[in-house]
There are 2 protein chains.
Amino acid sequence: MKQVERVEQLKEVFQTKIYEFCKVCCRLTSYQIDITTENQYLTSLYAEHQGNCLIFKATSPSASKMKLLETELSRTVGELIELRLQHQDSIAAFLSWLTLELFSLQTMA
Amino acid sequence: MKQVERVEQLKEVFQTKIYEFCKVCCRLTSYQIDITTENQYLTSLYAEHQGNCLIFKATSPSASKMKLLETELSRTVGELIELRLQHQDSIAAFLSWLTLELFSLQTMA
């Protein structure tokens, strides 16, 4: 196989794998994760509006600390963010709670 | 740049991107997702034993339906799986509930 073809084949395999990973991640956690240069955008499957996302910004080089930026969705759940995110210091616990809240709203509707 | 170098560079970029995605996914959701040929292995940050994982097997080609296989962790939470996973038909709701349960156990300990 020519090297040019090999490069194209590799790109295709990588894109397929990345797509599969994103799809599985979304199916399992309800969150579609998009990583941009500086931020992580999360869109929940259960959010009322599809564009309604959360944006986390890494505040340390290894992304061990992340800050939630203000969006429409973060303002909606603003009062409970302090407890779940700041006091418990767990993004995962906050996002899990949010998934259950949004899921509950969607299934009650 | 030689094509051989281009291939190596692509592999490196891909591995870095996948690693970053896995790390961010784990930090945000508490789950480390490993995709194998047929199954998706999930290890929770909050599980008592590090090797204690959940295994989902796709039962449809597009992975729109997935089945939870039996592991030590699935047996531990067995009684509540039926409600959360089968009746509510949401893996994300089940995994979110599990994260909050494991988080609560860990922070109470």
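Lettering follows sequence order; numbering is per chain, from 1. These values consider heavy atoms only, across backbone and side chains, with no hydrogens, waters or symmetry-generated copies.
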Using 30° and 60° as the class boundaries, would you call the ring planes of A:F21 and B:F21 parallel, tilted or perpendicular?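 Rings of A:F21 and B:F21: perpendicular, over 60°.
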Counting heavy-atom pairs under 4.5 Å with chain B, which one of A:L95, A:I91, A:I35, A:L28 comes out on top?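 Looking at each option in turn, the highest pair count goes to A:L28.
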With a 4.5 angstrom heavy-atom cut-off, is it the side chain or the backbone of B:L102 that approaches chain A, or both, or neither?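 No part of B:L102 comes within 4.5 Å of chain A.
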Which bit of B:Y46 comes within less than 4.5 Å of chain A, counting heavy atoms only: side chain, backbone, both or neither?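 Only the side chain of B:Y46 comes within 4.5 Å of chain A.
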Establish whether B:I55 and B:M66 are linked, either directly or via other cluster members, by ILVMFWY side-chain heavy-atom contacts under 4.5 Å.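 No, it is not one cluster - the side chains of B:I55 and B:M66 are not joined through contacts under 4.5 Å.
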hydrophobic_cluster_shared for B:V7 and B:I18, side chain cutoff 4.5 Å: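 Result: yes, single cluster for both.
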Spacing of [atom1] belonging to [X] relative to [atom2] belonging to [Y], to within rounding of 0.5 Å:
X: B:E8; Y: A:L10; atom1: CD; atom2: CG; value: 9.0 Å
X: B:R6; Y: A:K11; atom1: CZ; atom2: NZ; value: 5.0 Å
X: A:R27; Y: B:S90; atom1: CZ; atom2: OG; value: 7.5 Å

By number, which residues in residues 67-75 of chain A have some heavy atom less than 4.5 Å away from chain B?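 Hits under 4.5 Å: none found.
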Sequence neighbours excluded, which residues qualify as ring-ring contact (aromatic ring centres under 6.0 Å, His included) partners of A:F56?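 Here no residue qualifies.
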Could you pull out the closest heavy-atom pair between B:F14 and A:K17, with the gap in Å?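 That would be CZ-CB, 3.9 Å.
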Among the options B:T99, B:L45, B:L100, B:L98, pick out the one with the most heavy-atom pairs lying under 4.5 Å from chain A.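 Heavy-atom pairs under 4.5 Å are most numerous for B:L100.
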